[in-house]
2 protein chains.
Amino acid sequence: MADRGRPRRFDRENALKSAMVLFWKKGYAGASLSDLTAAMGINSPSLYAAFGSKEALFREALALYGKSESGEIWEPIVTGRTAREAIAGFLHGTAISFTRPGKPAGCLVVLGALHADDAGEAVCGALRDKRVENVAEISERLKRAIAEGELPPSIDCDAIASFYVTVQQGMSIQARDGASRETLLAIADGAMAAWDRLTTAEST
Amino acid sequence: MADRGRPRRFDRENALKSAMVLFWKKGYAGASLSDLTAAMGINSPSLYAAFGSKEALFREALALYGKSESGEIWEPIVTGRTAREAIAGFLHGTAISFTRPGKPAGCLVVLGALHADDAGEAVCGALRDKRVENVAEISERLKRAIAEGELPPSIDCDAIASFYVTVQQGMSIQARDGASRETLLAIADGAMAAWDRLTTAEST
DNA sequence: TGATTTATTTATCGATCAATACAAAAAAGG
DNA sequence: CCTTTTTTGTATTGATCGATAAATAAATCA
């Protein structure tokens with residue numbers, strides 16, 4: 001399909017990446033069409049022909065972000081040999097990823113759209129869904145650790161997952177405020193200082 | 001001054017409070033002049049005559065927020081008899097305050113403006129300054145605890161303060177995502193589970 | 001009373017927002 | 001060649017943004 005007709009003069013993936021970086025830096029509502037077309041090096045009709053709408057472009061940018069930027073953060077959850085290593089790696093990767101030189105600080109999923117009424121209520125909801133998924137993913141990892149006998153069944157997986165995701169989301173704010181990589185790593189260490197107490201069986 | 005002339009027909013403090021709630025709910029950029037005038041029950045010329053500009057109105061709203069809404073959060077830092085009680089009370093008050101029925105979830109200082117280029121770079125900077133102050137305030141409380149002999153001098157006050165403020169800032173995101181008061185309280189408990197380890201002297 | 005002062009209502013202002021109409025340009029099919 | 005298809009650049013569209021101009025209304029002062 002689409003073999004005939006005038007060929008596209010710009011690289012779609014490159015343009016998408018530029019859009020992703022701009023959304024990451026300025027948020028969904030903060031990145032105007034003028035900003036986007038300038039960053040992507042195209043005119044608005046080309047943008048609409050290739051991506052459909054601003055919202056559709058954002059959704060593609062979000063998917064690209066997940067593939068290209070969040071791997072370092074979420075891989076340890078799968079690859080960590082223990083739950084502790086998984087969470088520690090998750091927070092460590094966050095600190096590194098959120099302070100990568102030449103890239104916007106913090107996380108697109110957290111900083112992309114926080115107010116449901118900005119311009120895109122749907123976009124805001126999509127990001128919130130992703131954040132809720134993140135808590136579930138951590139919680140699942142902890143439940144796996146229980147099933148494998150690493151952690152006692154009496155622990156509150158959802159509460160622990162909420163705590164660690166909350167720290168990670170707070171790190172986005174800190175990163176935006178200019179916190180150094182060392183500071184974020186110290187914050188990650190601070191969160192891990194709670195690990196033993198959080199994952200020890202309660203006699204209650 | 002201002003004894004003559006037609007008297008103002010609206011209550012300035014009430015209008016300011018309405019503006020504060022709207023900024024709190026929708027953010028600085030997200031709250032349009034139409035939204036504001038509708039919520040305040042006045043026309044835009046009255047708003048400009050009474051407050052000067054949207055940015056000036058936001059700054060007054062921010063000051064009102066500090067006086068009327070953040071006391072419950074920050075009082076324990078001063079009144080807590082120990083540093084531990086201070087921090088625990090700070091996080092507890094945060095969980096309560098961020099989930100108060102009938103009020104926007106989360107914190108105006110965190111959610112008000114995160115992208116420096118929204119509409120008000122100055123507003124974004126003002127909020128960032130407030131957040132940086134918050135870290136310093138926690139750190140000072142910890143240093144006081146060292147001076148009073150409660151905590152060992154070898155602890156890293158700035159790192160501990162950054163950790164607890166990060167958790168608190170993450171709680172704004174969680175609250176916006178619909179986390180219950182119980183969940184936020186559990187997150188606060190999770191953060192306090194790190195206390196002993198964070199405040200014990202390191203032999204290094 | 002009339003003059004002065006301030007707030008109000010109405011009706012905008014220019015700028016910018018996201019999104020398109022339109023016609024010229026660049027390719028393939030016949 | 002001519003037709004078809006798709007992209008391009010240019011110029012706008014109506015809506016909304018933050019902010020005001022102008023005229024009227026309601027108070028005090030002389």
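Lettering of chains follows the sequences in order, A, B, ..., and the numbering in each one begins at 1.
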Q. Where is the tightest heavy-atom contact between B/Ala126 and B/Arg59, given as atom of each residue plus distance?
A. CB-NH1, 3.7 Å
Q.
Pairing donors with acceptors under 3.5 angstrom, does anything connect the side chains of A/Asp158 and A/Ser139?
A. yes
Q) Between B/Asn43 and B/Ser46, do the side chains contain an N or O donor and an N or O acceptor separated by less than 3.5 Å? A) no
Q.
Among residues 42-49 of chain A, which ones have heavy-atom contacts with DNA chain C below 4.0 Å?
A. A/Ser44, A/Pro45, A/Tyr48
Q: Using a cut-off of strictly less than 4.0 Å between a heavy atom of the residue and any atom of DNA chain C, enumerate the qualifying residues of residues 7-15 of chain A by number.
A: A/Pro7
Q: List in chain and number order the residues that pass side chain to side chain donor-acceptor pair (under 3.5 Å) with A/Glu148, two or more places apart in sequence or in another chain; answer none if no residue qualifies.
A: A/Arg144
**Q.** Residue whose nearest DNA chain D nucleotide is more 5′ - B/Asp35 or B/Arg6
**A.** B/Asp35
(Q) Based on the rotation axes of five pairs at each end, what angle does the helix from C/dT1-D/dA30 to C/dG30-D/dC1 bend through, to 10°? (A) 20°
So which protein N/O to nucleotides 28-30 of chain D N/O distances come out below 3.5 Å?
residue, atom, partner, partner atom, Å
D/dC29, O4', B/Arg4, NH1, 3.1

Q: Can you tell me the distance, in whole Å, between the CZ atom of A/Phe58 and the P atom of C/dA18?
A: 13 Å
Q.
Nearest whole Å is fine: how far is D/dT7 P from A/Phe51 CZ?
A.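 Answer to the nearest Å: 12 Å.
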Q | Any B/Ser53 side-chain nitrogen or oxygen under 4.0 Å from OP1 or OP2 of D/dG18 | A | no
Q. Does NZ or CZ of A/Lys54 come closer than 6.0 Å to the centre of the six-membered ring of A/Tyr28, within 45° of the ring's axis?
A.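 Relative to the ring axis of A/Tyr28, which defines the angle, A/Lys54 lies inside both limits.
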Q) Are B/Arg12 and B/Phe10 in a cation-pi setup, meaning NZ or CZ lies under 6.0 angstrom from the ring centre and within 45 degrees of the ring axis? A)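 Ring-cation test returns no.
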For residues 186-196 of chain B, tabulate all N or O donor-acceptor pairs below 3.5 Å that involve a side-chain atom, not counting sequence neighbours.
residue, atom, partner, partner atom, Å
B/Asp196, OD1, B/Arg84, NH1, 3.1
B/Asp196, OD2, A/Arg197, NH1, 3.1
B/Asp196, OD2, A/Arg197, NH2, 3.1

(Q) Checking A/Ser180 against A/Thr183 for the side-chain hydrogen bond (donor to acceptor under 3.5 Å, both in side chains) test, could you report, in this order, the C-alpha distance in whole Å, the side-chain angles of both residues, the deciding distance, and whether it holds? (A) CA-CA 5 Å; A/Ser180 68; A/Thr183 295; 3.1 Å; yes
